[in-house]
Amino acid sequence: SMKIKLAVVTKPGSAQNIVADKFKELIEARSQGEITVKVFHSASLGNETEILQQIQMGTVEMGIITAGPFDTFDPIVRVVNYPFLFKDNDQADLILDGPLGQEILKSLETSGFKGLHFSENGFRNLTNSKKAVKTPDDIKGLKIRVMASALHKTIWQTLGANPTPMPWPIYTELEQSVIDGQENPLWVMEVYKFYEIQKYMTMTRHVYSSHIDVAGLKWWNALSDDNRALIAGAIKDAAIFQRTDNRAKNAGRMALLGKKGMIIEQHPDVTAFRARVADLKNMDLYSDPRVNALLIKMIEATR
Amino acid sequence: MIRFFQTLSDGINRRVEALLFVMGGTMTLIVVVQVFSRYVLNHSLFWSEELARFLLVWLTFMGACVGYHKGVHPGVDVCFKRFSPRGQQWAMVGIHLASLLLFGVMVIKGISFAWFIRLQISPALSLPKWILMGIVPLAGVVLMIHGVRFLLEALHGQDLMD
Amino acid sequence: MTAPLLIITLFFLFAMNTPIAIAIGVSSLVSILVQGDYPLMVMIQRMVSGTDSFHLMAVPLFMYAGVIMEAGGISQRLIDFANALAGWLPGGLAAVTIVSAMFFAGISGSAAADAAAVGAVLIPAMKRSGYDSDFAAAVQASGGSLGVVIPPSIPMIIFGFLTGASIGQLFAAGILPGLLIAVTLIGVSTFVSRRRGYAPDTRFSLKNIFITFRRAFLALGAPLIILGGILTGVFTATESAAVAVAYALFVSMVIYRKISIGDLFHLFRDGSVTASIVMFIIATASVFSWIAAMEDLPGALAGSLMEITDNPVLLLLLINGVLLVAGTFVETTAALILLVPMITAMLPSLGIDMVQLGVIVVTNLSIGMLTPPMGICLIVSCSISGDSLGAVSRRVLPFLLVLIIDLLIITFYSPVTMWMARLVR
Ligand code: NA
Ligand code: NA
C-alpha cells in the first residue's frame with residue numbers, strides 16, 4: 001500500500017481543495033484502498049512556492065498549485081497567465097488539454113516536477129468602487145490592488161491603472177478607499193463579500209487563473225506503470241470534475257452579485273483591451289526564446 | 001584558545017549590532033515611506049513590502065545572534081536551579097553542544113538550501129532568493145563562534161565563578 | 001514514534017534550561033534525523049518562512065515604539081498624567097500602576113520589557129507611599145501580564161499570523177475584555193489597599209490634572225495613533241506601529257529633545273534584540289509546527305480532547321485548562337505556535353468566532369505570565385522589588401482569582417469580545 005501526501009494552501013471548499021478531495025476519493029476507490037491520500041490544506045506545510053520546493057525535496061508527493069508561483073521554477077508557465085489570451089472556458093480547455101498545454105507540463109520536468117493536469121480558479125475579473133468600466137480608457141488612474149507579481153503589475157500599468165501591491169486580506173482597504181478596486185476570480189468576490197463595498201464589476205477575463213496538478217518527478221519515476229496510470233487517470237478526472245463544478249457555480253455567483261446590487265458589465269471592449277497589451281509579448285518576462293516561441297504559438301492558436 | 005574565541009566573538013558581535021541598527025532603521029523607514037506614499041502622495045510603492053520583509057528576516061537572525069551573545073534568550077530554570085554546581089556545569093556543556101549541533105545544521109543545510117534555490121527570484125523585486133536565505137548560514141557561523149566560546153568557558157568553569 | 005520523541009526531547013531540553021528557541025529547534029532537528037524521511041534542508045525553509053511576514057513586522061516596530069517612548073520621556077509623562085487622575089484615591093497608586101502597566105505592556109507587546117520600564121518607576125513609588133513591597137510587585141505583575149489583552153498586543157499579532165484572523169479585529173475584540181480586567185484588578189487592589197490602610201499618593205487637584213495633561217498632550221498622540229489608526233481601519237497594525245515610531249521619534253527628538261541622534265543606535269539595537277527573542281522562537285517553532293502538521297499532531301491532540309467531550313461549553317473549559325497549564329510552564333510565543341493549530345482544529349465544534357477564540361487564548365496565556373515557574377512578569381517584578389517569588393506569588397492569588405472569573409466571562413459571554421470586533425472589518 002502507498003500513502004500520498006498532497007498539499008494545497010487553500011481552506012476546505014476552495015477550488016484547489018475540490019480537486020484534492022475528488023482525487024483522494026477517486027484514487028482510494030479505484031485502488032481498492034491500496035493507495036491512500038492525505039490532504040494537507042490551509043497552508044499547514046507552507047505557501048505555494050514552499051510546497052513546490054518541498055515537492056522537489058521529496059517531503060511531499062503532490063500539490064494543486066496556482067500557475068503564478070511556478071514561474072520562478074520554470075518561466076514557460078508565464079505563458080498561461082498572459083493577459084487576454086483565452087477567449088472563453090472552451091478555448092482554455094482546448095489549448096491547455098491539447099499539445100500546447102502538454103508542452104508546458106512536459107517542460108516542468110526540467111525543474112523536477114511531473115505536471116499532470118490543469119484545473120482552475122477561473123478567469124480573473126475587475127471590480128471597483130468608482131465607475132463603470134467598459135473600455136481601457138475607463139481604467140485610467142484607478143488604484144487596483146494586484147498580487148506581488150511583476151506580470152500583474154505590468155498588465156495594469158499598461159492598461160493605465162495605478163497597480164498597488166498589497167498583502168491579503170484587503171476588505172478594509174477597499175472599504176476605506178485606500179484602493180479603488182481589485183481583480184480576482186468570481187468566487188473571491190462572493191466569499192470575501194466584496195459586493196458590499198465594490199459597486200462595479202467588469203467581466204474583463206483578463207487572466208485565466210489555472211492550477212497545475214503536479215507531482216515530484218523522482219517520486220513519479222519510481223512508481224509502477226499501473227500506479228502511474230491510476231494516478232494520472234484519477235487526477236485528470238478530478239481536474240475536469242472541478243472545472244465543470246467551478247463553472248456551474250459561477251452562474252450562481254453572477255446571479256448573487258447582481259442581486260446584491262453590483263452593476264455588472266458583461267461585454268467590455270475586449271478587442272481594445274487586447275490591443276492595449278499587445279506589446280507585452282515583447283517584455284522581459286517573455287524574452288526567453290523558448291518562452292517567447294510558445295507564447296507566439298499560443299497567441300496564434302487563440303486568435 | 002578561550003581568549004581567542006572571546007575576542008573574536010566580541011568583535012563580530014559589535015559589527016552585528018551595527019548591522020542591526022542599520023537594518024532596523026531602514027525597515028522602519030521603508031514602512032513609514034510606504035504609508036506616506038500611499039496616503040499623502042496617492043501612489044503605492046511596488047517594492048517596499050518585499051524589501052521590508054527581507055529586512056525583517058535578516059533582522060530576526062542577526063538579532064538572535066546578539067541576543068545569544070548577551071545571553072538573553074529566555075529558558076526555563078525551575079529544574080536547573082535545583083542542580084548542584086557541578087550538575088549545572090555539565091548541563092551547560094550539554095546545552096552548548098546541542099546548540100552547536102543546531103547552528104551547524106543552519107550553516108551546512110543553509111548553504112545547501114541557498115544552492116537548491118539559487119535560480120529562484122522574488123516576485124516583486126526579482127532579487128535572487130538565496131540572498132534572503134543566505135542569512136541562515138551566515139547567522140549560523142556567528143552563532144557557532146559564540147557557542148564555541150560559551151562551551152570553552154563552561155568547560156573551564158568560568159560561568160560558575162561569575 | 002516521531003511525535004513522542006519530539007515532545008520528550010523538548011521537555012528534556014527545557015528542563016536543562018536551554019533557551020526556548022534553541023530547545024524547540026534542537027528537538028525538531030532530532031525528530032527529523034530519527035524520522036529519516038525528511039531532508040534537513042526543509043528546516044532552513046521553515047525557519048525563514050516563519051519570519052517572512054508583513055504582519056510580523058509589527059513585532060520589532062512596536063518594540064521600537066516602546067523603547068523610544070521610554071527613552072524620550074513620553075512614558076513618564078503618561079504615567080504622571082495617570083497619577084494625577086487616579087493617584088488621590090485610596091489605593092490610587094496601585095490603580096495607576098495597573099492602568100500604566102496594562103497600557104505599556106501592549107505597546108511593546110513584550111510584557112516583560114515594559115514590566116521592567118513601568119515597574120522601575122512605580123514599584124519604588126508605591127513603596128515610598130507605604131505599600132508593602134511584595135504587594136507592590138504583585139500589582140505591577142498583574143497589570144503587566146494582562147496588558148497584552150488590551151491592544152496593541154504581540155501575542156494577538158502572532159495569533160492572527162497563525163490563523164489568518166484579522167489583527168485589527170483581534171485588537172478591537174480585546175478592548176472590552178481589557179477594560180473588564182483592568183476594572184476588576186483595580187477593584188481587588190483597592191479592596192486590599194483599604195484594608196491595609198495604604199494612603200493615597202497625591203491629593204486630588206484639578207490644577208495638577210491640567211498641568212500633567214498639558215505636559216502629556218503630545219505624548220498622548222502615540223497611543224491615539226496606534227489605537228485610532230487600527231480601529232478606524234486607516235492603518236494595518238504594522239503600519240500603525242511604524243507611524244507610532246516616527247511620531248514618537250519626532251516628539252522625543254524635536255520637541256522634548258530627550259533623544260539625540262547618537263541615542264538612535266542603542267534604541268534600534270535594543271528594540272531589535274528584544275524583538276528577535278520573540279522572532280527567533282517563531283523561526284524555530286515553525287520547523288516544529290511543520291513536523292507536527294506532517295505527523296498530524298494537532299488533529300490527533302484535538303481528537304483526543306474531543307473524545308473526552310463534544311459539548312462546546314465543556315470543550316471551552318477544557319481548552320482554558322490546557323492553556324492555563326501551558327501558560328504556566330511555557331513561554332507565550334512558543335505556547336501560541338505549539339497550541340494554536342490544535343485549538344483551531346476544534347473551532348467548528350466550539351461554536352464561537354475565531355476572533356473570540358483568539359482573545360480567549362491570549363487571556364489564558366497572559367494569566368500564565370503571572371504564574372510561576374514561567375511567570376515572566378512575576379519574575380521581573382520580583383527582581384525590581386527585591387522580594388522572593390514565593391512572597392509575591394501569595395499576594396498575586398486574589399488577582400488570579402478574579403482573573404479566572406474574567407476569563408470565564410470572556411469565554412462564555414461573546415458580546416464582550418465580538419461587539420467591538422464587528423465594528424472593525
Ligand atoms: Na496593552
Ligand atoms: Na507562567
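Per chain, numbering begins at 1; letters A, B, ... match sequence-line order.
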Notebook entry, point to check: With a 4.5 Å heavy-atom cut-off, do M43(C) and L102(B) have their side chains touching?
Noted result: yes

Note to self: Would you say CZ of F11(C) has more than 12 non-hydrogen atoms from neighbouring residues, nucleotides or ligands within 6.0 angstrom?
What the structure shows: no

Next item on the list: Answer whether the closest heavy-atom distance between the side chains of L61(C) and M27(B) falls below 4.5 Å.
Entry: yes

Next item on the list: Just grab all the salt bridge (charged side-chain N to carboxylate O under 4.0 Å, His left out) pairs involving residues 51-69 of chain C, residues at least two apart or on different chains.
Entry: R53(B)-D52(C)

Item checked: With S272(C) via side chain to side chain donor-acceptor pair (under 3.5 Å) - residues at least two apart -> Y64(C)

Notebook entry, point to check: Where does E50(B) contact chain C at under 4.5 Å (heavy atoms): side chain, backbone, both or neither?
Noted result: neither

Notebook entry, point to check: Given side chains that start at C-beta, do those of M16(C) and F83(B) come closer than 4.5 Å, heavy atoms only?
Noted result: yes

Item checked: Within residues 23-38 of chain C, residues adjacent to chain B where the heavy-atom gap is under 4.5 Å -> G25(C), V26(C), L29(C)

Item checked: Side-chain touch S276(C)/V66(B), heavy atoms, less than 4.5 angstrom -> no

Item checked: Validation row: L55(B), M57(C) side chains within 4.5 angstrom (heavy atoms) -> no

Check: Would I277(C) and V72(B) satisfy side chain to side chain contact (heavy atoms under 4.5 Å, CB included), going step by step from the backbone distance to the final call?
Finding: CA-CA 8 Å; I277(C) 292 170; V72(B) 290; 3.7 Å; yes

Checklist line | chain C contact via L101(B) - side chain, backbone, both or neither, heavy atoms under 4.5 Å | finding: both

Next item on the list: To the nearest 0.5 Å, tell me how far S112(B) OG sits from I44(C) CD1.
Entry: 7.5 Å

Margin query: Quick check on F36(B) against chain C: is it the side chain, the backbone, both or neither that has a heavy atom closer than 4.5 Å?
Written below: neither

Note to self: Would you say that S240(C) contacts V35(B) through its side chain, given a criterion of any heavy-atom pair below 4.5 Å between the two side chains?
What the structure shows: no

Checklist line | Contact check, side chains of F103(B) and I22(C), non-hydrogen atoms, under 4.5 Å | finding: yes

Check: Do you know which of G67(B), A91(B), G25(B), A114(B) has the most heavy-atom pairs under 4.5 Å to chain C?
Finding: G25(B)

Note to self: With rounding to the nearest 0.5 angstrom, report the OG1 to CG distance, T28(B) to L249(C).
What the structure shows: 8.0 Å

Check: Do any of residues 10-24 of chain B come closer than 4.5 Å to chain C, heavy atom to heavy atom, and if so which ones, in number order?
Finding: E17(B), A18(B), L20(B), F21(B), G24(B)

Item checked: M279(C) vs L56(B), side chain to side chain contact (heavy atoms under 4.5 Å, CB included): CA-CA, chis, key distance, verdict -> CA-CA 9 Å; M279(C) 295 293 291; L56(B) 175 67; 3.8 Å; yes

Notebook entry, point to check: Among T51(C), V42(C), L267(C), which residue forms the greatest number of heavy-atom pairs with chain B at distances under 4.5 Å?
Noted result: T51(C)

